Amino acid sequence: MVRLTGHAPRQLKRAASRTRPTARSSPPAASRARRSPATSGSASLKGGPHVGNEEVASAFDEMAELLAIKGENRFRIGAYQRAAQLVRSLPKALSDFGSVEALDELPGIGPDLASKIDELLRSGRMRALNQLRSKVPRGLRELLRLPGLGPARVRALHSGLGVDTVADLRQALDAGRLQGLRGFGSVLQSGLRAALEAGARQQQRWLWTTASQHAAPLCAHLEAVAGVAAVVVAGSYRRGCETVGDLDILVTGSGKTNIGGALREYQGVREVTASGPTRCTVALRNGMQVDSRLVAPISAGAALLYFTGSKQHNLRMRQRAQARQLKLNEYGLFRGRKRIAGKTEADVFEALGIPWIPPELREDRGEIEAAERGELPELIELKDIQGDLHAHTDASDGHEDLNQLVAAARAHGLRFMAVTDHSRYLGIVRGLDADRLARQIDEIDALNAKLRDFVVLKGTEVDILEDGGLALPDSILRRLEVVVAAVHGHFALPRQKQTARILRALDGPFVSILAHPTGRLLNERAAYDVDFQKIVETARSRPCFLELNSQPTRLDLNDAMCRVAKEQGVLVSIASDAHSGLDFADLAAGIRQARRGWLTARDVLNARPLSEVRAQLQRTRLAT
DNA sequence: GCCGTTTTCGGCCCGACTGTTTTCAGTCG
């Protein structure tokens, strides 16, 4: 069973509540059971149709939006939104919680939401959601996506003009029917027209690396502005998220700094969508939104904290301040009107009684509680990486030969590297068969004899066939030191088959690492449907290792999965999957992801010295 | 809908900017 380290406080809170005398002093468990019949049972949550966490989260998101459109209590709406976010961040499947009571223990999940999750898991349906859907026209949710339209205005469109869809809105605008509708002035109307014309341009998230390419010159531009002391990219970018929705740029400087003017002049800016003395929002030519904020140096730390987020982390921090009769905002931490911290982030954390928390952890996944306990992980850094266990030469689909790749690896400070060219398989260019691999083994032996202070490990990235067999025979695999097994096709198998296929592959006696375990490509291809929990359990008991593939489009494992691997004691191999020497730079992306997954250097196979890595690899060999 | 040193009811983070208003609601982050 996975230990949810992130969610211990609820148990502490329960313990406290048990000691408190109440007018009707019945044991909490009993009183909770009375409040919701669903919590009285402890039957397994499994057995129904397979419903994943994302499906549950989406249902809660939809509940929140439909309730908002109906004009329901905003705190009730917020409860659904927080629940959706919590479910997305869970390191394990809801169906693995075992009982409704276990769900109820999660922070922000009470008896009602627990029973709704239970209902969805068991039946694949949520009655409350279906009822809401029947009351709120489907198209209204689409209207919420338009800039300037929130629940109140969508409701006004629906009740005032009978506008229920984007098409209705377009017609109403064309017919001038929005004139006179309270709250819909000419500016808003032209904004809506523009948004409808842009229509097809859907909101997108950008790869971190893409965002980085746009952030660097923009920051340089802002740094040169008179009065600017510092420029930092905050937001999800600073938290190292695999994709970012926009760039949040914090500018520290004097109050006279004209940040809006500076952005207007920037050649990459397409339009300015909002601009005030301390805040300015623009769209870059490629459509990327940039939110910038100007603060005085005395507030820089508090502003950086606020602007880095996540929203949920900020909420918790502000609540923490409130509980201490303090107020936290982007200008500082205040007792009454007196600012007691805010110049640096560390000041603010210290004043709130906890150590500084690395941005990658600020997702309200238990980091504040870990900080309270003094148990924040010492996150891995790029300099901890000793070698790379997944790289390709031009023998298969790489672009450089063995010598060039070794030179590049050394230039990146690595001390060892496994050459893991592809096996022969459908669609893989120039994959190696057993004979070519045998010749490469000889070539590597000869090279190692000449190398000093660097070792090339002999390996392969062997394909996992549709039935779970491997594309190379054991006779050649046994001569290798690193066998990276990978799925490169048949992505659409049903969950049970896909899982069985991968588990069978891991049964192979020489497999050391499962490459890019879920096969997802960011913004392109979803992860294949697989029971990740089973894969981790198999990796632990077998044993073998799981890869965190550092290619910016893969970043596979994701952050939550990294944490599951860590908690189950499965070492992670942070791999470049280099196809040229330049790709070793991608290891930095893997490190960001690993840090978001709470990994320390001890949790990472290739952060260990070669002798230890070899010993670990030896453990994975089930036959010799 | 959740939660509890605010405690079983009555709260629930905080501020900037915009547009449409004449003091503020709505939206956004």
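All values derive from a computational prediction rather than experimental measurement. Below, chain A is the first sequence line, B the second, and so on; all start at residue 1. These numbers come from the heavy atoms of this one structure, side chains and all, not from hydrogens, waters or symmetry mates.
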#### Entry: Taking every non-hydrogen atom, the tightest pair across A:R365 and A:W598
O-CZ2, 3.7 Å

### Query
What's the closest nucleotide to the A:P277 side chain, out of B:dG29, B:dC17, B:dG1?
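Shortest atom-to-atom distance from the side chain points to B:dC17.
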
[N] phosphate, OP1 or OP2, under 4.0 Å from [X] side-chain N/O:
{"X": "A:Q319", "N": "B:dC13", "value": "yes"}
{"X": "A:K116", "N": "B:dG1", "value": "yes"}
{"X": "A:Y306", "N": "B:dA16", "value": "no"}
{"X": "A:R76", "N": "B:dG1", "value": "yes"}
{"X": "A:Q322", "N": "B:dT6", "value": "no"}

### Query
With the threshold set at 4.0 Å, does a side-chain nitrogen-carboxylate oxygen contact exist between A:R373 and A:E369?
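Judged by the 4.0 Å cut-off on N to carboxylate O distance, A:R373 and A:E369 do not form a salt bridge.
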
### Message
Assuming nearest nucleotide by heavy-atom distance, tell me which of A:R182 and A:G150 is located more 5' along DNA chain B.
### Response
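Of the two residues, A:R182 wins.
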
Distance, [atom1] atom - from [M] to [N], rounded to whole angstrom:
{"N": "B:dT18", "M": "B:dC12", "atom1": "P", "value": "28 Å"}
{"N": "B:dC17", "M": "B:dC13", "atom1": "P", "value": "22 Å"}
{"N": "B:dC14", "M": "B:dT8", "atom1": "C1'", "value": "28 Å"}

### Task
Starting from the C-alpha separation in whole Å, work towards a yes-or-no answer on salt bridge (Lys or Arg N to Asp or Glu O under 4.0 Å) for A:E54 and A:R88.
CA-CA 6 Å; A:E54 178 53 38; A:R88 285 202 175 87; 2.9 Å; yes

### Message
Working note: A:E242 + A:W208, criterion side-chain hydrogen bond (donor to acceptor under 3.5 Å, both in side chains); need CA distance, chi angles, decisive distance, verdict.
### Response
CA-CA 6 Å; A:E242 54 202 25; A:W208 190 96; over 6 Å; no

### Message
By the 4.0 Å heavy-atom rule, please label A:D246 as base, sugar-phosphate, or nothing.
### Response
nothing

